[in-house]
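Accompanying notes for the structure given below.
Computed from a predicted model, the values in this text were never measured in an experiment. Note on naming: letters A, B, ... go to the chains in the order of the sequence lines (proteins, then strands), and numbering restarts at 1 for each one.
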2 protein chains.
Amino acid sequence: MSAEDNLLKLVEAEEPDENDYRLQEQVGFILRKAHQRHVSIFAAHIADLTPPQFAALAKLRDVGETSQNQLGTLIAMDAATVKGVIDRLKARGLVDLSKHEVDKRRLLVNLTAEGRDAVERLIPLARDITQETLAPLSAKEIATFMKLLAKLA
Amino acid sequence: MSAEDNLLKLVEAEEPDENDYRLQEQVGFILRKAHQRHVSIFAAHIADLTPPQFAALAKLRDVGETSQNQLGTLIAMDAATVKGVIDRLKARGLVDLSKHEVDKRRLLVNLTAEGRDAVERLIPLARDITQETLAPLSAKEIATFMKLLAKLA
DNA sequence: TTGATATCATTTGCATACGAATGAATTCCG
DNA sequence: CGGAATTCATTCGTATGCAAATGATATCAA
């Protein structure tokens with residue numbers, strides 16, 4: 001057997017896909033597509049709010065008044081991003097802002113009555129969105145998937 | 001038992017989470033976080049290219065010359081998005097553009113020599129990125145997760 | 001052939017998303 | 001106490017991501 005043959009065999013045995021890189025099989029690529037699909041389903045059910053905007057409202061419903069930064073932490077948005085989201089919700093009258101009495105750095109965010117009504121109205125639709133997003137999976141698969149996805153996030 | 005008690009019991013029995021909506025448990029929210037984490041891991045390994053930019057280069061390596069729109073389809077980007085990505089890659093000399101001889105609507109995209117070198121150099125890092133993204137899971141869990149994620153995407 | 005339709009690319013507008021820099025206010029610690 | 005470090009918010013710049021509108025070209029069908 002020639003030296004070339006040995007090398008070839010070695011490569012085939014240890015690095016069968018040395019030259020191979022399948023983008024379509026990489027977790028990042030598929031994650032991005034799955035996320036895109038979800039956003040699209042969301043938009044089909046809730047046309048006048050984006051997923052981050054809804055997340056902000058839903059979290060405010062949970063925790064009540066919080067500072068803008070704290071809210072960002074709760075919904076996984078950095079300070080710059082959450083500011084934009086809150087600004088747009090404020091412009092639409094769904095939240096209002098006030099200064100923290102003691103700590104003058106903090107900007108307190110609250111649901112308005114209209115904002116609260118909106119969340120309550122939208123939560124059933126949000127449940128539908130979750131369901132439709134997971135529709136390709138069986139109940140058992142959903143349980144497995146959610147467990148594993150949570151580990152990755 | 002009072003009417004109120006009956007109502008309460010009914011609610012508890014049939015709709016235990018009527019008033020409950022846990023944002024943190026919704027697929028969309030976790031999917032967004034998992035995606036964020038992946039992008040962050042990507043940036044830590046490949047600082048000078050974004051995931052979409054790398055996706056474009058990796059796909060061009062696979063398929064060779066294609067039209068801009070076709071490339072967009074292959075990497076799941078709409079026409080407006082892919083244009084921006086390709087413009088930036090062109091500005092950095094990693095791809096070049098030419099007109100289709102026959103169909104004058106089409107803009108052909110190709111890797112430059114530099115672009116090809118870059119992809120080849122980055123693919124090992126991309127493998128590391130995939131591995132690190134999936135690191136919280138065991139080998140068996142990875143297989144399961146990828147199968148289910150693919151169904152959702 | 002020609003008129004309707006479809007495809008390719010571009011542009012505009014809006015909404016995340018994040019790094020980096022900045023300023024104001026608070027907290028921590030020596 | 002008082003300076004250093006931290007936290008909160010804002011701003012700027014850059015990069016997706018998509019809907020909608022537009023123009024150019026190609027294709028299809030009557």
task: Between Leu108(A) and Gln36(A), just flag the one whose closest nucleotide in DNA chain D comes earlier from the 5' side.
output: Leu108(A)

message: What's Ser67(B) touching, base or sugar-phosphate or nothing? Going by heavy atoms closer than 4.0 Å.
response: sugar-phosphate

statement: Side-chain contact check for Val85(A): nearest option of dG17(D), dC18(C), dT16(C) is dT16(C)

message: Of the listed nucleotides (dA9(D), dT11(C), dC12(D)), which one gets closest to any side-chain atom of Ala80(A)?
response: dC12(D)

message: Which nucleotide wins on minimum distance to the side chain of Asp103(B), given the candidates dT25(D), dT10(C), dA9(D)?
response: dT25(D)

- request: State which of dT11(D), dA9(D), dA15(D) makes the closest approach to the side chain of Thr50(B).
  value: dA15(D)

- prompt: Between dT16(C) atom P and Phe42(A) atom CZ, what is the distance in whole Å?
  reply: 10 Å

Length of the NE2-P vector between His38(B) and dC18(C), whole Å: 14 Å

task: Give a yes or no on whether the backbone of Ser67(B) and the side-chain of Gln70(B) come within a donor-acceptor separation of less than 3.5 Å.
output: no

- prompt: Is Val102(A) touching bases, backbone alone, or none of the nucleic acid, heavy atoms closer than 4.0 Å?
  reply: sugar-phosphate

message: In this structure, how many angstroms lie between the P atom of dA15(D) and the CG atom of Leu89(B), rounded?
response: 10 Å

message: So that I can tick it off, tell me whether Arg61(B) and Glu120(B) are bridged by a salt bridge, with the cut-off set at under 4.0 angstrom between side-chain N and carboxylate O.
response: yes

- request: Could you tell me how the ring of Phe54(B) sits relative to the ring of Tyr21(A): parallel (under 30°), tilted (30 to 60°) or perpendicular (over 60°)?
  value: perpendicular

- prompt: Quick one: does Ser40(A)'s side chain have a donor or acceptor within less than 3.5 Å of a partner on Gln36(A)'s backbone?
  reply: no

Gln70(B) or His35(A), whichever maps to the more 5' nucleotide of DNA chain C: Gln70(B)

query: Going by modelled atom types, is there a donor-acceptor pair between the base of dT7(D) and the side chain of Arg105(A) at under 3.5 Å?
result: yes

statement: Separation of dT14(D) atom P from Arg92(B) atom CZ, nearest Å, is 14 Å

query: Atom CG of Asp87(B) and atom C1' of dT11(C): how far apart are they, to the nearest Å?
result: 12 Å

Rounded distance (Å) that lies between atom C1' of dG17(D) and atom NZ of Lys33(A): 16 Å

Short side-chain N/O contact from Gln68(A) to OP1 or OP2 of dT10(D), under 4.0 Å: yes

task: Report the nucleotide, chosen from dA15(C), dA26(D), dA15(D), that has the shortest atom-to-atom distance to any side-chain atom of Gln53(B).
output: dA15(D)

message: Between Thr130(A) and Gln26(B) (side chain of the first, backbone of the second, donor and acceptor by atom type, cut-off under 3.5 Å), is there such a pair?
response: no

query: Charged N to carboxylate O below 4.0 Å: is that the case for Lys90(B) and Asp87(B)?
result: no

query: Ala79(B) has a side chain; which of dT10(D), dG19(C), dT10(C) sits nearest to it?
result: dT10(C)

task: Using whole Å, report how far CG of Asp78(A) lies from P of dA9(D).
output: 13 Å

field: Lys104(A) side chain, from C-beta outward: closest of dA25(C), dC12(D), dG17(D)
entry: dA25(C)

message: Could you tell me how far apart Arg88(A) (CZ) and dA17(C) (P) are, to the nearest whole angstrom?
response: 10 Å

query: Counting just side-chain N and O atoms, does Arg32(A) come under 4.0 Å of either OP1 or OP2 of dG17(D)?
result: yes

